[in-house]
Amino acid sequence: MAVLTMAKALNDGLRKAMEADPRVLVMGEDVGKLGGVFRITDGLQKDFGEQRVLDTPLSESGIIGTAVGLAIRGFRPVCEIQFDGFVFPGYDQIVSQLAKVHFRSQGKVPVPVVVRIPFGGGIGAVEHHSESPESLFAHVAGLKVVACSNPDDAFWMIQQAISTDDPVIFFEPKRRYWEKAEVDVESTPLPLLRSRVLREGSDVTVATYGPSVRTCLDAAVAAETDGTSLEVVDLRTLSPLDLDPVFESVRRTGRLVVVSEAPPESSVTSEIAARVQQECFHSLEAPVLRVTGFDTPYPPSKCEDDYLPDLDRVLDAVDRSKAW
């Protein structure tokens with residue numbers, strides 16, 4: 001058992017994957033000598049060499065396109081996109097090529113590419129550095145989309161994603177990079193595409209993922225002081241969604257609040273709300289409520305505290321659900 005930041009856990013997970021399989025490559029802008037802007041790849045080029053940790057030109061389309069070719073030739077590339085808002089120049093390569101090759105080849109050509117994307121707000125950054133584009137990728141057939149929320153999951157999920165023969169979009173909550181927690185490096189991890197109940201409760205189910213998980217766990221502690229018991233589910237996988245633990249929880253609590261930093265329209269949260277309405281209609285005591293960002297561009301950093309879901313907004317939704 002080790003106590004690590006999420007950044008160090010991701011670094012250790014990448015290192016273990018590279019040690020286990022010489023076909024694993026790391027590529028991206030400044031991932032080599034600098035170790036990445038968040039230092040996730042720190043020391044990897046020194047230990048594995050420039051042939052396996054590649055500093056690329058500033059071209060997200062080039063990074064993804066090159067990774068597709070490398071994967072077809074038998075390698076397992078791990079691409080780093082510096083910030084969430086920088087992924088869009090590479091979106092065409094992801095949607096038109098990376099997501100399609102396996103299907104296009106009738107299953108004969110796997111493309112085991114991982115695209116790592118730091119996402120979400122809360123770091124006081126400028127425009128294009130605090131986006132939540134996960135729904136855009138969850139809508140694309142042929143991609144697996146996951147989001148870690150804590151160091152233990154980060155350590156194991158990045159290794160599992162790399163070992164997957166399908167392309168994986170791997171979202172990392174950047175404002176949680178420096179939070180520490182225990183990492184059990186000897187345990188048997190939960191399968192990659194499974195959600196997890198992090199805190200059991202009996203009154204209201206709260207489903208969330210990525211950077212909002214810590215917010216919801218803090219809300220559960222606060223709610224407990226007022227006599228309300230929240231069950232917190234970390235979704236972990238956004239496509240495909242693993243909603244069975246959510247269904248099971250809602251059938252007991254009768255109430256659901258879904259929390260995400262992303263805008264609400266046509267989103268992961270709206271899909272969850274629709275699916276729970278279909279599967280748990282007769283168990284619901286209140287409508288499914290959502291606590292999200294807003295349908296606007298991400299605001300200047302001085303205003304982001306008003307944009308991001310916080311403890312008070314989560315607790316307000318819990319109160320409204322209970323009052324229904």
Side-chain angles (χ1 to χ4, degrees), residues 5-6 84 118-125 130-132 134 147-154 171-182 195-236 238 245-246 249-250 253-264 267-270 272-273 276 285-296 298-324:
T5 63
M6 181 182 289
D84 32 48
F119 82 123
I123 64 168
S130 300
E131 309 294 327
S132 296
E134 55 270 24
C148 59
S149 68
N150 59 75
D152 192 69
D153 272 352
F171 282 104
E172 304 165 5
K174 68 174 83 74
R175 66 171 159 143
R176 307 300 183 192
Y177 273 150
W178 303 279
E179 295 182 3
K180 292 183 176 182
E182 289 187 343
S195 56
R196 170 187 279 136
V197 176
L198 292 183
R199 181 186 175 104
E200 294 183 351
S202 57
D203 294 327
V204 180
T205 302
V206 180
T208 186
Y209 60 90
S212 298
V213 170
R214 171 48 53 195
T215 303
C216 293
L217 288 172
D218 291 343
V221 173
E224 189 174 39
T225 63
D226 292 330
T228 299
S229 175
L230 303 186
E231 180 146 300
V232 179
V233 182
D234 183 356
L235 296 168
R236 300 173 77 250
L238 307 181
V246 178
S249 178
V250 170
T253 65
R255 294 174 168 82
L256 175 64
V257 174
V258 191
V259 183
S260 165
E261 291 186 11
S267 65
V268 172
T269 60
S270 56
I272 294 167
V276 169
E285 301 290 343
V288 177
L289 300 179
R290 294 186 289 161
V291 181
T292 66
F294 298 95
D295 288 314
T296 67
Y298 195 86
S301 58
K302 287 186 177 180
C303 303
E304 69 179 347
D305 287 345
D306 296 318
Y307 178 93
L308 295 170
D310 60 10
L311 183 145
D312 288 336
R313 286 179 61 196
V314 174
L315 292 179
D316 177 69
V318 168
D319 289 343
R320 286 187 285 122
S321 180
K322 289 180 62 184
W324 195 268

Provide the full list of salt bridge (charged side-chain N to carboxylate O under 4.0 Å, His left out) pairs with a residue in residues 211-228, sequence neighbours left out, each pair given once.
Arg199-Glu224, Arg214-Asp218

Between NZ on residue Lys322 and CG on residue Leu315, distance to nearest 0.5 Å:
10.5 Å

Side-chain heavy-atom pair Arg176, Val213 within 4.5 angstrom cut-off:
no

Side-chain (Thr208) to main-chain (Val259) donor-acceptor, under 3.5 angstrom:
yes

About how many Å separate OG1 of Thr215 and CG of Asp312, when rounded to the nearest 0.5 Å?
11.0 Å

Examine distances only and state if a side-chain atom of Ser321 and a backbone atom of Val318 form a donor-acceptor pair shorter than 3.5 Å.
no

Rounded to the nearest 0.5 Å, the CD atom of Glu261 sits from the CG atom of Leu308 at a distance of 4.5 Å

Pairwise distance OG1(Thr228) to CG(Asp319) - rounded to 0.5 angstrom
6.5 Å

Between Val257 and Leu230, is there a side-chain heavy-atom distance shorter than 4.5 Å?
no

Between Tyr307 and Pro263, is any pair of side-chain heavy atoms under 4.5 Å apart?
yes

What is the distance from atom CG of Asp316 to atom CG of Leu311, rounded to the nearest 0.5 Å?
11.0 Å

Side chain to side chain contact (heavy atoms under 4.5 Å, CB included) with Cys216: which of Leu198, Val258, Val232?
Val232

Minimal heavy-atom distance between Arg313 and Thr292, with the atoms involved, is NH2-O, 2.5 Å

Minimum heavy-atom distance between Asp306 and Phe294, given as atom pair plus value
O-CE1, 3.6 Å

Compute whether any side-chain donor of one residue and acceptor of the other, for Tyr298 and Glu304, lie under 3.5 angstrom apart.
yes

Taking side chain as C-beta onward, heavy atoms only, is Met6 less than 4.5 Å from Pro173?
yes

Of all the heavy-atom pairs spanning Tyr209 and Arg236, show the shortest one and how long it is.
CB-N, 4.4 Å

Taking all non-hydrogen atoms of both residues, which atom of Val291 and which atom of Pro309 are closest, and how far apart?
CG1-CB, 3.7 Å

How many angstroms lie between OG in Ser260 and CD1 in Ile272, if you round to the nearest 0.5 Å?
8.0 Å

With a 6.0 Å cut-off (strictly less than), is the heavy-atom count around CH2 of Trp324, excluding the residue itself, greater than 12?
no

For Val197, is there any backbone N or O sitting under 3.5 Å from a side-chain donor or acceptor partner on Glu231?
no

Which atom pair, heavy atoms only, marks the closest approach of Pro264 to Thr269?
O-OG1, 4.1 Å

Are the side chains of Leu235 and Val246 in contact, using a 4.5 Å heavy-atom criterion?
yes

Identify the heavy atoms of Gly120 and Ser132 that sit nearest to each other, and give their distance.
CA-OG, 3.9 Å

